[in-house]
2 protein chains.
Amino acid sequence: MPALNLRSEFAGADDLDTLMAGIGRRARAAARGMALASAQTKDVALRTIAERIRASSAEILRENARDVAAAKAAGQTQALIDRLTLDEARLAGIADAVEKIGALPDPVGRQLAAFERPNGLLIERIAVPLGVVGVIFESRPNVTADAGALCLKAGNAAILRAGSDSHRSAMAIARAMSEGLTASGLPADAIQIVPTRDRAAVGSMLTGLSGCVDVIVPRGGRSLVERVQAEAKVPVFAHLDGICHVYVAAGADLDMARTVLLNSKMRRTGICGAAETLLVDRACAGTHLAPLVSALLDAGCAVRGDEAVRAADPRVTPASPEDWRTEYLDAIISARVVDGLDAAIQHIEENGSHHTDAIITEDGAEATRFLAEVDSAIVTHNASTQFADGGEFGFGAEIGIATGRMHARGPVGVEQLTTFKYRVHGSGQTRP
Amino acid sequence: MPALNLRSEFAGADDLDTLMAGIGRRARAAARGMALASAQTKDVALRTIAERIRASSAEILRENARDVAAAKAAGQTQALIDRLTLDEARLAGIADAVEKIGALPDPVGRQLAAFERPNGLLIERIAVPLGVVGVIFESRPNVTADAGALCLKAGNAAILRAGSDSHRSAMAIARAMSEGLTASGLPADAIQIVPTRDRAAVGSMLTGLSGCVDVIVPRGGRSLVERVQAEAKVPVFAHLDGICHVYVAAGADLDMARTVLLNSKMRRTGICGAAETLLVDRACAGTHLAPLVSALLDAGCAVRGDEAVRAADPRVTPASPEDWRTEYLDAIISARVVDGLDAAIQHIEENGSHHTDAIITEDGAEATRFLAEVDSAIVTHNASTQFADGGEFGFGAEIGIATGRMHARGPVGVEQLTTFKYRVHGSGQTRP
């Protein structure tokens with residue numbers, strides 16, 4: 001199949017508007033078809049899509065090689081090139097992930113509530129698809145398949161906008177997905193890649209394409225999420241920061257605290273659920289602080305602390321006020337001693353990002369208060385902050401983690417990609 | 001208590017920004033206090049608020065009389081003055097409504113889901129308050145108490161912006177409510193009225209007051225809702241139109257169709273759940289169309305129809321294409337004959353407003369398809385469209401009806417004024 005000639009496809013802003021409006025209209029029409037598809041049809045479609053991705057591996061890898069060559073020629077960083085590069089094994093993983101999403105329970109049609117009214121009306125609240133999901137991502141071409149498959153599973157249509165580095169790879173994957181949809185009797189337009197590198201296309205998606213986009217999911221770094229949150233005229237599922245805290249309370253078991261803290265910080269430092277700040281209750285600082293700080297330092301983590309933390313280990317450097325609001329995404333942690341639970345909660349409310357925060361304690365009452373009063377999407381007791389993940393929650397996969405308060409909060413899996421409607425069953429009832 | 005001197009309170013845009021920022025900050029702080037209040041504390045507070053409203057009736061009615069006098073002097077319509085005017089009976093009704101909202105089950109703290117993971121983690125999804133709700137309304141002063149009480153019941157803080165006509169009445173009611181909160185040990189700032197008639201204050205609320213407003217609820221006419229939806233930078237719970245359909249299918253019982261249709265259209269013509277369009281299946285038009293149309297006309301409803309409908313009764317006037325997209329909110333209905341279920345659904349998808357649509361039929365399969373395929377917040381089978389109401393749904397009360405797809409859809413009651421968080425209970429688990 002010939003690669004699209006992007007240059008010739010449109011010539012300016014008017015053409016971009018026309019192009020994007022057409023994508024929006026086709027997505028809306030496809031969403032209607034997807035919404036009515038049975039669970040079985042969607043399952044078969046996702047298996048077929050996985051097969052098409054495997055069958056198209058030569059083409060996808062060829063297009064990916066062109067992306068990688070262009071990125072190298074443009075002098076992109078090695079980290080970006082690593083994220084961008086596909087090989088047989090990675091592509092097989094992508095296809096397998098699509099198949100796994102297909103095997104998840106259908107989130108559409110679930111009865112979320114049912115109640116009978118005194119007049120005999122039976123009212124049901126039933127899960128239905130959200131509609132059209134706009135996904136804006138950067139260099140990881142696998143997002144096309146992962147995010148696309150989650151949208152399809154939930155009966156939605158997806159409009160995907162790849163970063164310019166991953167554009168050819170994303171187009172090739174999306175073509176395989178559209179073929180799989182067509183082969184399964186579903187609308188090919190339920191997956192569309194914006195076929196231009198013009199950055200204005202992002203702005204166009206953020207305005208909602210005249211009501212043809214229901215929600216935007218940005219998948220990428222902070223600058224992308226910031227732009228999307230600032231400009232979007234439609235709802236956004238995202239988090240800007242993951243400034244996650246581990247609070248070691250007076251009632252903490254030291255061994256458990258050490259294990260959970262090290263995992264929260266060091267298992268992977270670059271993910272949003274990684275801990276960025278350690279808070280230790282003054283009541284247990286005498287026994288717990290030095291061992292915890294030493295364990296971090298010995299594991300290769302830099303520690304930036306207040307005076308009390310610096311006194312515990314000479315390798316600790318001073319924390320500045322900005323440290324409490326910094327997401328390092330690196331082997332660095334800020335640490336301070338606080339005067340008990342209220343001070344810990346206060347610190348988290350003032351400096352946190354409402355993502356994921358943990359308390360370590362054997363004191364149930366203290367844990368209950370922390371879980372109730374810390375206003376974050378995820379609060380954990382005696383468990384690593386790195387469990388902030390749709391897979392770990394049993395959602396099968398996630399399209400992202402949301403820290404907004406509306407509709408979806410925490411890991412956004414297929415259930416959160418649905419909304420609901422009310423079905424009212426009567427026998428001729430009229431309202432008095 | 002002296003009435004606030006609005007003029008002297010601030011002198012310009014800078015002062016307005018300062019004023020609104022302060023309101024936002026106080027609301028956010030109050031929201032935290034409300035979120036942690038027990039069900040019992042909130043119940044007692046709402047009963048106390050009801051008592052304070054009753055005890056303040058002289059002051060509230062005096063302020064209302066000033067509003068009414070000003071509205072008359074300004075030459076406002078009789079309809080507006082009717083909406084604006086309070087008397088002892090209406091005020092008693094307002095207090096009773098607050099008490100009823102207090103008696104509803106607490107929507108906060110409900111366990112929405114719970115699951116155990118193979119590693120022993122117990123994950124709960126728990127309802128928590130949304131945060132700060134901004135309510136923008138026009139001339140009905142009772143919105144202060146109704147919307148305010150719903151927000152408080154769900155553990156939220158409310159910032160209310162009254163229309164300039166109802167400003168003094170709203171301030172007086174809000175004062176009584178704040179007193180009730182204080183007397184119950186809750187933050188008085190959980191109810192705040194924007195103490196200025198400056199229209200720029202609305203714009204300021206719509207930007208979210210630097211993250212201090214989580215959702216906006218407009219309560220008023222189409223122009224208000226349109227402005228709010230166009231300008232809001234935060235989520236909005238609203239509907240713009242209620243273009244509701246009654247589809248009389250081939251399998252409809254004529255008597256039931258007539259009864260439900262008349263109720264859907266004529267019980268009250270000015271509410272959003274009132275039917276605006278009648279669709280009749282061609283297969284039953286020979287028997288059903290003329291009786292239905294005559295019943296409407298005899299009940300005092302003007303009928304604007306297509307050719308087939310006009311042939312059924314000489315009193316029918318021709319429908320123009322705009323009629324299919326018009327919300328009359330009056331004793332007028334548009335009517336047409338369609339070729340079966342698919343055509344009916346197509347008409348509704350193209351012309352409707354995703355609010356409430358009804359099918360009348362004895363054929364279960366036909367009803368099932370209609371309920372599944374019509375993409376509206378509420379779909380009814382053999383029941384009046386005028387059941388589109390939180391009270392009728394058993395929600396106790398509603399702050400409005402939403403036709404958006406995110407978070408809340410249909411009647412927005414106290415449950416929909418909450419969001420959720422995940423509580424993760426562990427015993428030292430770390431992520432592999």
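Every chain is numbered from 1, with letters handed out A, B, ... down the list of sequences. Side chains are part of it too, since the values below use all heavy atoms of this structure and drop only hydrogens, waters and symmetry mates.
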Is [X] in contact with chain B via its backbone, its side chain, both, or neither, using a 4.5 Å heavy-atom distance?
X        : result
A:Glu415 : side chain
A:Ser376 : backbone
A:Ile378 : both
A:Glu349 : side chain
A:Leu121 : side chain
A:Asp253 : neither
A:Glu116 : neither
A:Arg267 : side chain
A:Val379 : both

Please classify the contact between [X] and chain A as side chain, backbone, both or neither, with a heavy-atom cut-off of under 4.5 Å.
X        : value
B:Arg268 : neither
B:Gln229 : neither
B:Ala367 : neither

Worksheet item: Looking at B:Glu392 and A:Arg431, does any basic side-chain N land under 4.0 Å from a carboxylate oxygen?
Response: yes
Within the side chain of [X], is there an N or O that forms a donor-acceptor pair under 3.5 Å with the backbone of [Y]?
X        : Y        : answer
A:Lys421 : B:Val374 : yes
A:Arg423 : B:Leu371 : no
B:Arg405 : A:Phe420 : no

In the structure I gave you, are the side-chain heavy atoms of [X] and [Y] within less than 4.5 Å of one another anywhere?
X        : Y        : result
B:Met406 : A:Val215 : yes
A:Thr380 : B:Tyr422 : no
B:Glu373 : A:Leu36  : yes
A:Arg32  : B:Ile345 : yes
A:Val128 : B:Arg409 : yes

Options [options], ranked by heavy-atom pairs under 4.5 Å with chain A, top entry:
options                                : result
B:Thr419, B:Thr356, B:Asn263, B:Ile126 : B:Asn263
B:Val234, B:Thr430, B:Asp389, B:Asp214 : B:Thr430
B:Pro411, B:Ala230, B:Pro432           : B:Pro432
B:Ala257, B:Ala383, B:Gly404, B:Ala377 : B:Ala377

Practice prompt. Could you walk me through whether A:Asn119 and B:Phe387 pass the side chain to side chain contact (heavy atoms under 4.5 Å, CB included) test, one step at a time?
Written response: CA-CA 11 Å; A:Asn119 59 6; B:Phe387 283 115; 3.4 Å; yes
